[in-house]
Amino acid sequence: MHQYLFYIGDFPIRMYGLVLCMSIFLATGVAYFLAKQDGRWHQHVLDIGIYGGFAGLIGARLWDVFFFDWDYYQHHLLEIPFVWQGGMAVQGGIIAGVLTGIWYCKRRNIDWVAFADIVTPSILIGQAVGRMANLLNGDAFGTPTGGNFGILYPVGTLAHKTYGSQPLWPAEVWEGQLDVVIFALLLIFRACGHARGQVMCLYVMLYSAVRFGLEMLRGDYVEPFLFGLKSAQATSLIFFLIALAAFIYCGVKDKKQTAASKTASKK
């Protein structure tokens, strides 16, 4: 765990920012590979990666500020742009990035649902590498394990400031590992017969389930948001239910279209 790579004068070059940028580059590269493999729209991936990356950073920061830490930032408005302190919410980044991608696709007459099905697995690579950035920065940490096992964060990290030298659950590490598992599951699902839009829906369902469970171990914020749930748990539950309904709808719609085309071909 190392927060600083080197200094330029008194200005620190943080590992957090470097690894976070690497997560965007790698996710864009994997998306390009998947689109190239599919044979559609790969020439647009770089532009979408740039626009979506910037939008994702802004969305991730604002989501964290307003949903997780508004009690603090309402009294420290000038610190909202201080992303090097930590505080980037994955859910906000994904939403902002996806909405930007949809906007781009609509402007260029690209079937954004089909495009999303192709490149959605690449988002998990960005998320997994992003969790490495959280580990290096000492944020998105877990609660104390209550034993002699867990991660010991060094002085200067938010985790150490919050819990001192207590061993903490490796919540961000486990999330990064599970992101890789979901990445593999989505690739397997893409190789099977599926309805248009279902890959994207499955991604939302699987990640929401993982995030809901791991929030029980997160210690960077513990205040309940809705019905005793943390804010990330409440939004994960909402996203899961919406994605489940959309997954079923896509499957039913695909079956109806297939049946209608078969009927038409017999006439």
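Quick caveat: nothing in here was measured; it's all calculated off a predicted structure.
- Under the 4.5 Å side-chain criterion, counting only non-hydrogen atoms from C-beta, Phe54 is not in contact with Ile24.
- Using a 30° and 60° split on the angle between ring planes, Phe239 and Trp63 fall in the tilted class, from 30° to 60°.
- Here the side chains of Asp220 and Asp139 are not in contact, with every heavy-atom distance at 4.5 Å or above.
- Tracing side-chain contacts under 4.5 Å through hydrophobic residues (I, L, V, M, F, W, Y), one never reaches Val180 starting from Leu20; they form parts of separate clusters.
- Every residue two or more places apart in sequence or in another chain that forms a side chain to side chain donor-acceptor pair (under 3.5 Å) with Thr235 is listed here: Gln91.
- For the pair Thr120 and Leu202, the minimum side-chain heavy-atom distance is 4.5 Å or more.
- Within the 4.5 Å cutoff, side-chain heavy atoms of Phe240 are placed close to those of Leu244.
- The minimum heavy-atom distance between Ala31 and Val45, with the atom names listed, is CB-CG1, 3.8 Å.
- Taking 4.5 Å as the limit, some side-chain heavy atom of Gln127 sits within range of a side-chain heavy atom of Ile94.
- A salt bridge is absent between Asp111 and Arg40: the closest approach of a Lys/Arg side-chain nitrogen to an acidic carboxylate oxygen does not fall below 4.0 angstrom.
- Between Leu168 and Thr162 there is no side-chain heavy-atom pair separated by less than 4.5 Å.
- Transitive grouping of hydrophobic side chains (ILVMFWY, heavy atoms separated by less than 4.5 Å) keeps Phe25 and Val19 in distinct clusters.
- Residue Leu152 comes nearest to Ser165 through the heavy atom pair CD2-O, 3.0 Å, listed as atom of the first residue, atom of the second, then distance.
- Of all heavy-atom pairs spanning Val119 and Ala35, the tightest one is CG1-CB, 4.4 Å.
- The minimum heavy-atom distance linking Thr28 with Gly49 is given by the pair OG1-CA, 3.6 Å.
- The aromatic rings of Tyr163 and Phe141 sit perpendicular, their planes meeting at an angle over 60°, well past the 30° parallel limit.
- Residues Phe149 and Trp169 place their aromatic rings such that the two centres sit under 6.0 Å apart.
- Classified by interplanar angle (parallel below 30°, tilted 30° to 60°, perpendicular above 60°), the ring pair Tyr32/His42 is perpendicular.
- Qualifying salt bridge (Lys or Arg N to Asp or Glu O under 4.0 Å) partners for Arg108, counting only residues two or more places apart in sequence or in other chains: none.
- The two residues Glu172 and Arg131 come nearest to each other via the heavy atoms O-CB, 3.4 Å.
- Considering only heavy atoms from C-beta on, Glu215 stays 4.5 Å or farther from Ser236 through its side chain.
- Residues Tyr153 and His160 approach most closely at O-CD2, 3.3 Å, considering heavy atoms.
- Contact check for Phe247 versus His194: no side-chain heavy atoms found under the 4.5 Å cut-off.
- Separating the CE atom in Met205 from the CD1 atom in Ile242 is a distance of 12.5 Å, to the nearest 0.5 Å.
- We find the CG-NZ distance between Leu34 and Lys36 to be 13.0 Å, quoted to the nearest 0.5 Å.
- Judged by distance alone, with hydrogens and angles left aside, the side-chain atoms of Asp117 form a donor-acceptor pair with the main-chain N or O of Val199 at under 3.5 Å.
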